[in-house]
Amino acid sequence: MRIQFNTTQLNSNKTIHISEKDTAYLTALFECRLENYEIHIAEIDVHLSNENNKQEGDHSNRCLLSTNIVGRPLQPISFEADNDNIVLAILHAIDKLTVSLMACIKAGEDALRNNERVFCIR
């Protein structure tokens with residue numbers, strides 16, 4: 001599972017700057033929260049932004065996850081979460097991803113029992 005952080009948005013003042021230490025912490029957070037689903041995830045692109053230009057409140061920090069699922073490279077799925085705290089926004093987006101992966105895995109297991117073909121849902 002490859003995790004890539006993107007905090008740069010062209011022509012925008014909505015960027016969030018993260019250090020190498022922050023990147024290491026966030027990478028470990030993703031790996032820990034998604035360790036049970038690692039074989040199903042090929043790549044995660046993490047886009048972080050502050051929608052109110054560094055003003056606090058009103059859920060101004062945004063995390064957008066774009067995920068490539070193993071076996072479906074041309075159909076990435078995306079999840080978005082907003083919060084006052086960027087780490088909480090990331091955790092909420094990871095939770096959305098986890099719920100979707102659980103549904104995909106369950107649908108695949110049910111299909112195997114019934115000899116059907118099922119593709120992961122969005």
Side-chain angles (χ1 to χ4, degrees):
M1 174 174 65
R2 187 175 75 84
I3 302 169
Q4 180 176 337
F5 293 93
N6 180 359
T7 59
T8 306
Q9 295 182 356
L10 300 176
N11 301 323
S12 172
N13 290 327
K14 299 178 181 182
T15 59
I16 292 178
H17 300 284
I18 59 174
S19 66
E20 287 183 31
K21 184 178 177 182
D22 294 333
T23 302
Y25 168 75
L26 294 173
T27 300
L29 182 71
F30 273 89
E31 289 172 349
C32 179
R33 298 289 290 237
L34 296 172
E35 68 182 337
N36 294 333
Y37 306 100
E38 191 171 14
I39 62 171
H40 301 286
I41 301 171
E43 176 180 40
I44 299 176
D45 288 322
V46 183
H47 302 273
L48 305 174
S49 63
N50 184 298
E51 297 302 308
N52 291 334
N53 197 16
K54 301 193 187 268
Q55 296 176 3
E56 294 194 24
D58 298 330
H59 300 298
S60 59
N61 292 304
R62 175 168 290 160
C63 175
L64 174 66
L65 301 181
S66 180
T67 308
N68 289 327
I69 305 297
V70 172
R72 295 183 53 185
L74 300 177
Q75 297 177 348
I77 53 176
S78 296
F79 304 92
E80 183 178 303
D82 299 329
N83 200 296
D84 292 339
N85 182 312
I86 192 64
V87 175
L88 292 178
I90 292 168
L91 289 172
H92 189 204
I94 291 172
D95 288 345
K96 289 180 177 182
L97 170 61
T98 303
V99 168
S100 180
L101 286 171
M102 285 189 308
C104 290
I105 293 167
K106 179 68 175 152
E109 289 172 355
D110 290 344
L112 288 175
R113 277 189 231 124
N114 297 326
N115 293 327
E116 297 174 0
R117 291 184 180 226
V118 173
F119 294 96
C120 187
I121 57 174
R122 287 190 201 213

Exercise. Start with the C-alpha distance between Ile41 and Phe30, add both sets of side-chain angles, then the distance that settles side chain to side chain contact (heavy atoms under 4.5 Å, CB included), and finish with yes or no.
Key: CA-CA 11 Å; Ile41 301 171; Phe30 273 89; over 6 Å; no
Exercise. Taking all heavy atoms of Ala93 and all of Cys63, pick out the closest pair and write down the distance.
Key: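 The pair with the smallest heavy-atom distance is CB-SG, 3.9 Å.
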Exercise. For Glu80 and Lys96, work out which heavy atoms get closest and say how close.
Key: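 Shortest heavy-atom contact: O-NZ, 2.5 Å.
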Practice problem: Tell me, please, which residues at least two apart from Asn36 pass side-chain hydrogen bond (donor to acceptor under 3.5 Å, both in side chains). | Solution: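 By the side-chain hydrogen bond (donor to acceptor under 3.5 Å, both in side chains) rule, Asn36 matches no residue at all.
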Can you hop from [X] to [Y] via hydrophobic side chains spaced under 4.5 Å?
{"X": "Ile77", "Y": "Leu65", "answer": "yes"}
{"X": "Leu91", "Y": "Leu48", "answer": "yes"}
{"X": "Ile94", "Y": "Tyr25", "answer": "yes"}

Quiz item: Heavy atoms, side chains only, cut-off 4.5 Å: are Ile44 and Leu34 in contact?
Solution: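 Yes, their side chains come closer than 4.5 Å.
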Quiz item: Can you find a pair of side-chain heavy atoms, one from Thr67 and one from Leu101, that are under 4.5 Å apart?
Solution: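 Thr67 does not reach Leu101 side chain to side chain.
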According to side-chain contact (heavy atoms from CB on, under 4.5 Å), who are the partners of [X], at least two apart in sequence or on a separate chain?
{"X": "Asp95", "answer": "Arg33"}
{"X": "Asp45", "answer": "Arg2, Gln4, Glu43, His47, Ser66"}
{"X": "Thr27", "answer": "Ile3, Phe5, Thr23, Glu31"}

Practice problem: Taking Asn61 for its side chain and Asn50 for its backbone only, find out whether a donor-acceptor pair lies under 3.5 Å. | Solution: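 Absent.
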Self-check item: Worked check of side chain to side chain contact (heavy atoms under 4.5 Å, CB included) between Tyr37 and Leu97
Solution: CA-CA 10 Å; Tyr37 306 100; Leu97 170 61; over 6 Å; no
Quiz prompt | Step-by-step side chain to side chain contact (heavy atoms under 4.5 Å, CB included) determination, Phe79 to His92 | solution = CA-CA 9 Å; Phe79 304 92; His92 189 204; over 6 Å; no
Self-check item: Rounded distance (nearest 0.5 Å) linking atom CG of Leu26 with atom OG of Ser19
Solution: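 Those atoms lie 9.0 Å apart.
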